[in-house]
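Only one structure is covered here, and it is reproduced in the block below.
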Protein chains: 2
Amino acid sequence: MMTGWEDVRAEVLRRIRARDWAPGAVIPGEETLAVEFGVARATVNRALRDLAEAGLLERRRKAGTRVALLPVRRATLDIPVIRQEVEARGESYGHRVLARRMEAVPLAVAVRMGVAAGTALLFLETLHLAGGRPFAHEVRWLNPVVVPGGVIPDFDRVSANEWLVQNIAYTTGDIAFSAEAASGEEAAALGLCAGDPVFVTERMTWAAEAPITFVRLLHGPGYRLRTML
Amino acid sequence: MMTGWEDVRAEVLRRIRARDWAPGAVIPGEETLAVEFGVARATVNRALRDLAEAGLLERRRKAGTRVALLPVRRATLDIPVIRQEVEARGESYGHRVLARRMEAVPLAVAVRMGVAAGTALLFLETLHLAGGRPFAHEVRWLNPVVVPGGVIPDFDRVSANEWLVQNIAYTTGDIAFSAEAASGEEAAALGLCAGDPVFVTERMTWAAEAPITFVRLLHGPGYRLRTML
DNA sequence: GAGTGGTCTAGACCACTTG
DNA sequence: AAGTGGTCTAGACCACTCT
């Protein structure tokens, strides 16, 4: 029986897999499928929309719905607060603030944050610990302008990472992952040797045109960012 | 005016940001909001569902809808076929098959694929080129059982990456990213020095309980995996 | 048991895009 | 100009889960 939108999605998926509907081909319209499956058009719409979000269908008004020629795989990454990430591994979390001062941003950071070169922002350096051992090294520039009330905590109790998530709700931004060789200082902080490969996460966040913070996070060897497809 | 579900979403988002609805607090029910906003309940439902998918709200029947205490940031990664990735950079794509033979899988791979140690699978080694220069090094084990008709191409024209996407439609799987030091062979293939940091992508895909393929993909320095938040 | 979100329906209008 | 997906509505029933 075809009773719900998930049944419709399953059947459509089956036809795609079975090549009943070939890659690149236009599939029947929503109304047609609704009649065939004996459900309301809205139900078909929900199913097709879901498959389109997953990258298997391409939908355009008037042009209709096509089976994607080269399905782009879409994976959803959950990016938790570091404390949660550590505790999810069953280890105790801790962090140490290594530096906290106003400082002129380097040019590379100024460009990425969209502020004038030489602007003074709050510079923070934090070491995140898992089970007492170094887990991640964080370097952050924070725009003090965006802090509500202008009161910036010292981040000894709550890390900047967690404090920002709780206090500067829902920002936009981008994130990039890469592999780099650890510099001498970075290696020392993480207990590695200079030149060891580190997993780098760089995140820039904005709130309504105003830059909030730029973070560079380093994880040592053994760190894996995982997700389901 | 509150005419569409995106308007409803925007207003709800505003209230979360403004702390009108505090983190952890239960917000009004769908029916209540529908009346307040002057829309149908389905419209409110669509808006709240979207925010829940984004990680900002937590919804449970009977319990109601709460503002997430520690919003988990969710990012969507698009994982295109390598050819598309290269061409999107405006470079010409090419690939060379370095090895293609049946081979007993190493233990580590057997475990991840869920096959008996020593099983013979198709082993493929491919170098992907961008503008004639090495872009990524791919090592893959492919389960020949899943190939329709049992006919496996030589992958000289179409890379295994692209062929699988087009011929083994929609599989489940997982993906993991990490940073490692290049081995001597890997470095040679990519034109690097042994020990240089490489960005590693490991992907395992399944189709209905049967393992399809395990891939290990290496990108040299300079490669960045990017997405919006 | 009862309250809340999850979903379905039938019909309608709208927006976009293509021919 | 017309066809297709996008969305809205009002009402209904269902499923889950908290008390």
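Below, chains carry the letters A, B, ... as their sequence lines are ordered, and counting in each starts from 1.
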Exercise. For A/Y93 and A/E162, run side-chain hydrogen bond (donor to acceptor under 3.5 Å, both in side chains): C-alpha distance rounded to whole Å, both residues' side-chain angles, the deciding distance at 0.1 Å, then the answer.
Key: CA-CA 12 Å; A/Y93 172 77; A/E162 191 161 346; 5.9 Å; no

Exercise. Could you walk me through whether B/R100 and B/E138 pass the salt bridge (charged side-chain N to carboxylate O under 4.0 Å, His left out) test, one step at a time?
Key: CA-CA 12 Å; B/R100 181 190 189 282; B/E138 174 188 313; over 6 Å; no

Quiz item: Would A/R74 and B/T76 count as a side-chain hydrogen bond (donor to acceptor under 3.5 Å, both in side chains) if you check the C-alpha gap in whole Å, the side-chain angles of each, and the deciding distance to 0.1 Å?
Solution: CA-CA 7 Å; A/R74 244 156 242 163; B/T76 305; over 6 Å; no

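In this structure, A/Y223 and A/F199 have tilted ring planes: the angle between them lies in the 30° to 60° band. Between A/H219 and A/F135, the two ring planes are perpendicular [angle over 60°; tilted spans 30° to 60°].
To the nearest angstrom, P of C/dT7 lies 10 Å from CZ of A/R9. Straight-line distance from the CG atom of B/L48 to the C1' atom of C/dT4: 12 Å, rounded to whole Å. Distance A/E53 CD to D/dG6 P: 10 Å, rounded to the nearest Å. Atom-to-atom, CZ of A/R61 to P of C/dC13 comes out at 17 Å; the value is rounded to the nearest Å. As a whole-Å value, the separation of A/F37 CZ from C/dA10 P is 16 Å. In this structure, A/L57 places its CG atom 11 Å from P of D/dG6, rounding to the nearest Å. Atom pair B/W5:CH2 and D/dT9:P shows a separation of 14 Å (rounding to whole Å applied). For the pair B/E6 CD and C/dA15 C1', the interatomic distance rounds to 13 Å; values are reported in whole Å.
Ion pairing between B/R112 and B/D174 holds under the 4.0 Å rule for side-chain N and carboxylate O. Between B/R224 and A/E202, at least one side-chain nitrogen of the basic residue sits less than 4.0 Å from a carboxylate oxygen of the acidic one, meeting the salt-bridge criterion. For A/E58 and A/R49, the salt-bridge test fails: no basic side-chain N is under 4.0 Å from an acidic carboxylate O.
In terms of phosphate contacts, B/R60 brings a side-chain nitrogen or oxygen within less than 4.0 Å of OP1 or OP2 of D/dC18. Phosphate proximity of D/dT4 to A/R59: absent, as no side-chain N or O sits under 4.0 Å from OP1 or OP2. Phosphate proximity of D/dG6 to A/R49: absent, as no side-chain N or O sits under 4.0 Å from OP1 or OP2.
Counting non-hydrogen atoms of other residues, nucleotides and ligands closer than 6.0 Å to CZ of A/R96 gives a total of 12 or fewer.
Side-chain atoms of A/R41 and base atoms of D/dT7 include a donor and an acceptor less than 3.5 Å apart.
The stretch residues 26-36 of chain B does not touch DNA chain D, since none of its heavy atoms comes less than 4.0 Å from the strand. Less than 4.0 Å separates DNA chain C from at least one heavy atom of each of the following residues of residues 62-73 of chain B: B/K62, B/G64, B/T65.
When distances are taken from the side chain of B/N45 to each of C/dT9, C/dG6, D/dG5, the shortest belongs to C/dG6.
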